[in-house]
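For reference, the structure is listed below as structure tokens.
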Amino acid sequence: MQEFDFQSVEEEARKKWNELHVYKVDIDTSKPKYYVLDMFPYPSGAGLHVGHPLGYIASDIFSRYKRLKGYNVLHPMGFDAFGLPAEQYALQTGQHPAKTTKDNIETYKRQLGKIGFSYDWSREVVTAEPNYYRWTQWIFSQLFKSWYNNTAEKAQAITELIKIFEQSGNLEVNAACDEHTPQFTAEEWKAFSEKEQQDILMHYRLAYQSYSLVNWCPGLGTVLANDEIVNGVSERGGFPVERKKMSQWFLRITAYAERLLTGLDTLDWSVSMKDMQRNWIGKSIGAKVSFPVKNHDEEIEVFTTRVDTIYGVSFMTLAPEHELVEKITTAEYKDAVQQYQKACAAKSDIERQQEKKVSGQFTGAYAIHPLSKVEIPIYISDYVLLGYGTGAVMAVPSGDERDYRFAKHFDLPIIQILDIQDNLENEANPAKEGKYVNSDIINGMSYSEAVPTVIAALEKMDKGTGTINYRLRDAGFSRQRYWGEPFPVYYDKDGIIRLLDDEQLPLTLPEVEKYQPTADGHSPLAHATDWVNELGDGKTRETDTMPAFAGSSWYFLRYMDPHNEQAFVGQDAQAYWQNVDLYIGGTEHAVGHLLYSRFWHKFFKDNAWVSTEEPFKKLVNQGMIQGRSLMTKADSINGVPEGVRVPIMLCSPGDKLYEDKLAQLIQSDNRFANVDLEKDVNWENTEGKRYITLHAEVEKMSKSKFNVVNPDDMIGEYGADTFRMFEMFLGPIEAHKPWDINGIEGVSKFVRKVWRLYNIDENGQANFNEEASKEELKVLHKAIKKAEEDIERFSFNTVVSGLMIAVNEWTKMKKLGRATLETLPILMSPFAPFVSEVLWSKMGKEGSVINAAFPSYDEQYLKEDTVNYPVSFNGKVRFQLEVDASFDKKQVEEFVLVQERTQHYIQNQNPKKIIVVLGKIVNIVM
RNA sequence: GCGGAAGUGGCGGAAUUGGUAGACGCGCACGACUCAAACUCGUGUACUACGGUGUGAGGGUUCGAUUCCCUCCUUCCGCACCA
């Protein structure tokens, strides 16, 4: 008998797929479509480890399954190729990022190719290629040319807005815009200079420029992202970071906040994923209230979600940077206030957030409570953030923990406002239950009555309005980097920003000599002075580039129509493929990529470039495969708390690491530069040589932890089919689980057992019966049923178990029938495409198994003549009883009662109750 | 602190609407094959004082709970002076 040889099997299958071009898909209106998408990988230099393909395997299984089920399946792959690591590498080595990125993509494709994915590579998309980013630039232009009409609830052309301005100014316009947008009439608009008009339009555009603070790190000469800063210094190098005001591009995602929120209800995503987005959008319904300042014309505006607590306000707190502070501070307090402001400014945001001590400073000024007219003192304190709400708080010590601590510290009044606040001596009570007290017009009311009452009162005297606030901020869209999409704009000689014409796209990245930013923090593109000035006439190009999320916010649409030169996606292609039916990826993109993509998609919908409101219907988050790091005992090397990690391929847990080997390892890892082998190591010594014992620890798989397992190695040893099935067999797709090589033998055995079922002789011929037996068909139809049901609910690990059970039973039957052996490859092909393809051929079938039809199970084979009932007494199972399957409840009951064993448990008592669940269980209650 | 997910043998995990807890695989033990080993095949494998007891702990609903409800503990993830 011929034994299974995965190498020749993989070769044979691959050859067939290449010849038949099986993965090429096109629009086919005779079939329903199904779009399965993997999250876009960033091609890092390290290549794939075994954790990466987990989601890809799952999506590939589902794609193949859907295809067998008669769907026209779009299953593409491409690369999110712009980004920091390539640029860092360029900084270090001088190699062009385009070159390293290309090399890395080659590595990825080679690795992915080994696993046997059903990608249609003719649709490959690479964000860093000009023929792709041309459209990213085009989309940016469209955002720039649009504003959001809150009344129409959609984006519209900026030219429409200009028409409105010319007719009636902006007083009647209900648009998403900056809070500080000036108001003007049509006449005033017409009188503005062009520069002034353009500046005003910036307040409305969906892609706009504005000044904002960035994290400028002089030590590195660059701008850092928030997560590149640890404890106020740069993660790399530990240099101080300062806040620097720079002109930046933004996308007005806040215009879509409400639609992004309500759209979540229509999506088949996990609860936690939706919650993360809801949390990020952070809608709060509240009120804006104005507090007049005594002896001033100014009013302090606050935003509150608890306008019902307004009668509990006993002081106000402003952010130290609040613009009113200077104006209202009395001469007496000027010095103290300035000192406090200085102290706050010296602290980084992170320090301010970590500060637990109560601090603040009285300004000497008083506000007048809009309802009670009581005078209340105005303080400044660093617990109030300028960036949130209005940068001012109406302090209600009885209901808010921070206000309470502040009040206690400065000995300010704590006013009870709800009858249930009975422990104000010790703590604030933020509850909304109970009835209001000390609250004038809302005394005796409940929360839901009080809120509208207060808002109405405030609105009547023009001191407040009900408002909705979002935590969501507009998305910063500028990066002072080289390796990203250039902005398709230039500044004319008056400094007015102009778009390039669409025909001038793509605006390609110029070559630069160095990838460092300029000394004043401008992007490396500023070094390319020829490029910056090439338009002449005093026109200069924008030197910032777009962030990595630009290209990934729309790539799923490009796959539908990757070579279209006329549009980023053609109407026909989009009308057919609609949107992504199944999206598989990690949770790390919960609020970044997934939110931006939804935002762009809605913008496309507003312009009727796409027909769907949401891009991703169903989202499945694959878990992380963790590594097992081999460690020396944690306490065995002092001063290095995590011990020494040992490359995973070298040894296994329990192994002894001898002195010479350890010395070698320590030398190769500079974190252990100061370890003294004599003083710091607790040696064991039982055999004349010193050693330490290794143990395993589960942690993230990472090159720096020496615990990376390469899929190439696994495939080389066990074959791609076994590798695919094993990754699925590890556990539920969403769960995090440690990579444990132990189980792979079981899957490998399974594949070989499958091969043996075909009794393949020396000539490569399968041997089988023409007629399949009833028993084997029963096993088959059970397996079909389980496979189908489990794949539908993404329970891939149990599909593998189910197939194992079937194969174990068939193995006992020696020689199987044609029907069984022809169906098995179809069932298995989503999981193990290579061996399934070859076995399909061995059965003399034409074409590829990929194009077969998924079998349907036949109930008649699943029917049993008898049912095994567990018979329990008072819920405790005592014995099994075989009962005729056609019996009804009464018959089962009677049959059970006359059994000798039943009588033995009943003794001579009368059962109180007998419960028969047909096909399941019999329970006798005594 | 708030929100979410999870907790089952030595290990990964199964049990789909409440109905035989531990499927399947690993590991381990024994046996067959072999000069021997590997491979392969077979048998067994939650604990047990053999009465029973068992799904993180305690309580509840139910004829019956891993599954539903309440309280608590632990782990992981996300958010957080958010007014």
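Residue numbers begin at 1 in each chain, while the letters A, B, ... track the order of the sequences.
- A centroid separation of less than 6.0 Å is found between the aromatic rings of A:Phe410 and A:Tyr379.
- Remark: A:Arg724 does not engage A:Asp721 in a salt bridge, criterion side-chain N to carboxylate O under 4.0 Å.
- Residue A:Lys749 is in sugar-phosphate contact alone, with no base atom involved, counting any heavy-atom pair closer than 4.0 Å across all strands shown.
- Counting to the nearest Å, the P atom of B:rA83 and the CZ atom of A:Arg306 are 11 Å from each other.
- Atoms OH and CG, on A:Tyr583 and A:Asn621 in that order, are 11.0 Å from each other to the nearest 0.5 Å.
- B:rA46 is paired with B:rU53 under the criterion used here, namely a Watson-Crick or G-U wobble arrangement in which both key atom distances are under 3.5 Å.
- Straight-line distance between the P atoms of B:rC11 and B:rA57: roughly 15 Å, to the nearest whole Å.
- When the P atom is used for both B:rA14 and B:rG7, the distance is 9 Å, rounded to whole Å.
- Between B:rG31 and B:rU75, the distance separating the two P atoms is 45 Å to the nearest Å.
- Separating the NE2 atom in A:His589 from the CG atom in A:Leu595 is a distance of 13.0 Å, to the nearest 0.5 Å.
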Mind running ring-ring contact (aromatic ring centres under 6.0 Å, His included) on A:Phe315 and A:Phe406 for me, showing each step along the way? CA-CA 10 Å; A:Phe315 61 99; A:Phe406 198 87; 5.3 Å; yes
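- Glycosidic conformation of B:rG51: syn, with the torsion inside 90° of 0.
- Remark: B:rG19 base-pairs with B:rC63. Criterion, Watson-Crick or G-U wobble with two distances under 3.5 Å.
- Counting only heavy atoms from C-beta on, A:Arg878 has its side chain closest to B:rG52 among B:rG52, B:rU16, B:rC63.
- When distances are taken from the side chain of A:Asn923 to each of B:rG19, B:rA80, B:rU16, the shortest belongs to B:rG19.
- The backbone N or O of A:Ala735 sits less than 3.5 Å from a side-chain atom of A:Lys737, completing a donor-acceptor pair.
- Base contact: A:Gln880 has a heavy atom under 4.0 Å from a base atom.
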Nucleotide by nucleotide, 5' to 3', does protein get under 4.0 Å of the base (B), only the sugar-phosphate (S), or neither (-) in nucleotides 3-14 of chain B, counting heavy atoms? SS-------BSS
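- Summarising the base pairing, B:rC79 is matched to B:rG1 through a Watson-Crick or G-U wobble pair whose two defining distances lie under 3.5 Å.
- Side-chain atoms of A:Lys920 lie closest to B:rG19 of the nucleotides B:rA83, B:rG19, B:rU16.
- An anti orientation is assigned to B:rG18, its glycosidic angle lying beyond 90° of 0.
- Atom name P, nucleotides B:rA29 and B:rU8: the rounded distance is 26 Å, in whole Å.
- When each of B:rC41, B:rC63, B:rC82 is scored by its nearest atom to the side-chain atoms of A:Arg402, the top-ranked nucleotide is B:rC82.
- Using a 4.0 Å cut-off between a side-chain N of Lys or Arg and a carboxylate O of Asp or Glu, A:Asp888 and A:Lys890 do not qualify as a salt bridge.
- Between A:Met804 atom CE and B:rG25 atom P there is a gap of 6 Å when expressed in whole angstrom units.
- Between the OH atom of A:Tyr404 and the C1' atom of B:rC81 there is a distance of 18 Å, given to the nearest Å.
- A gap of 15 Å separates the P atoms of B:rC24 and B:rC41, to the nearest Å.
- A salt bridge does not link A:Asp403 to A:Lys408: none of the charged nitrogens lies less than 4.0 Å from a carboxylate oxygen.
- Taking a pair to require two hydrogen-bonding distances under 3.5 Å in either a Watson-Crick or a G-U wobble arrangement, B:rG12 pairs with B:rC24.
- Atom CD1 of A:Ile915 is separated from atom P of B:rU20 by 14 Å (rounded to the nearest Å).
- Comparing the C1' positions of B:rA21 and B:rU66 gives an interatomic distance of 7 Å, to the nearest angstrom.
- Relative to the side chain of A:Thr304, the nucleotides B:rA83, B:rA80, B:rG78 differ in distance, and B:rA83 lies closest.
- Comparing A:Asn874 and A:Arg756 by the nucleotide of RNA chain B whose heavy atom lies nearest to each, the residue mapping closer to the 5' end is A:Arg756.
- To the nearest angstrom, P of B:rC39 lies 20 Å from CZ of A:Phe750.
- The side-chain contact (heavy atoms from CB on, under 4.5 Å) test with A:Leu267 singles out one residue from A:Lys618, A:Gln277, A:Arg598, and that residue is A:Arg598.
- Straight-line distance from the CZ atom of A:Arg471 to the P atom of B:rC2: 18 Å, rounded to whole Å.
- In this structure, A:Trp280 places its CH2 atom 13 Å from C1' of B:rC82, rounding to the nearest Å.
- Side-chain atoms of A:Arg752 lie closest to B:rC39 of the nucleotides B:rC63, B:rU20, B:rC39.
- Within the nucleic acid shown, A:Asn808 comes within 4.0 Å of sugar-phosphate atoms alone, with no base atom in reach, counting heavy atoms only.
- Pairing of B:rA38, defined by two Watson-Crick or G-U wobble distances under 3.5 Å, is not identified with any nucleotide.
- A:Glu745 comes within 4.0 angstrom of nothing in the nucleic acid, heavy atoms only.
- Distance check on atom P: B:rA38 versus B:rC28 gives 11 Å, rounded to whole Å.
- Separation of the P atoms belonging to B:rG78 and B:rU40 is 42 Å when rounded to the nearest angstrom.
- Across all strands shown, A:Lys753 has heavy atoms under 4.0 Å from sugar-phosphate atoms exclusively, and none from any base.
- The pair A:Lys889-A:Glu893 does not count as a salt bridge, with every side-chain nitrogen at least 4.0 angstrom from each carboxylate oxygen.
- A:Asp400 places its CG atom 9 Å from the P atom of B:rA83, with the value rounded to the nearest Å.
- Taking the nucleotide of RNA chain B with the nearest heavy atom to each of A:Val922 and A:Asp403, the more 5' of the two is matched to A:Val922.
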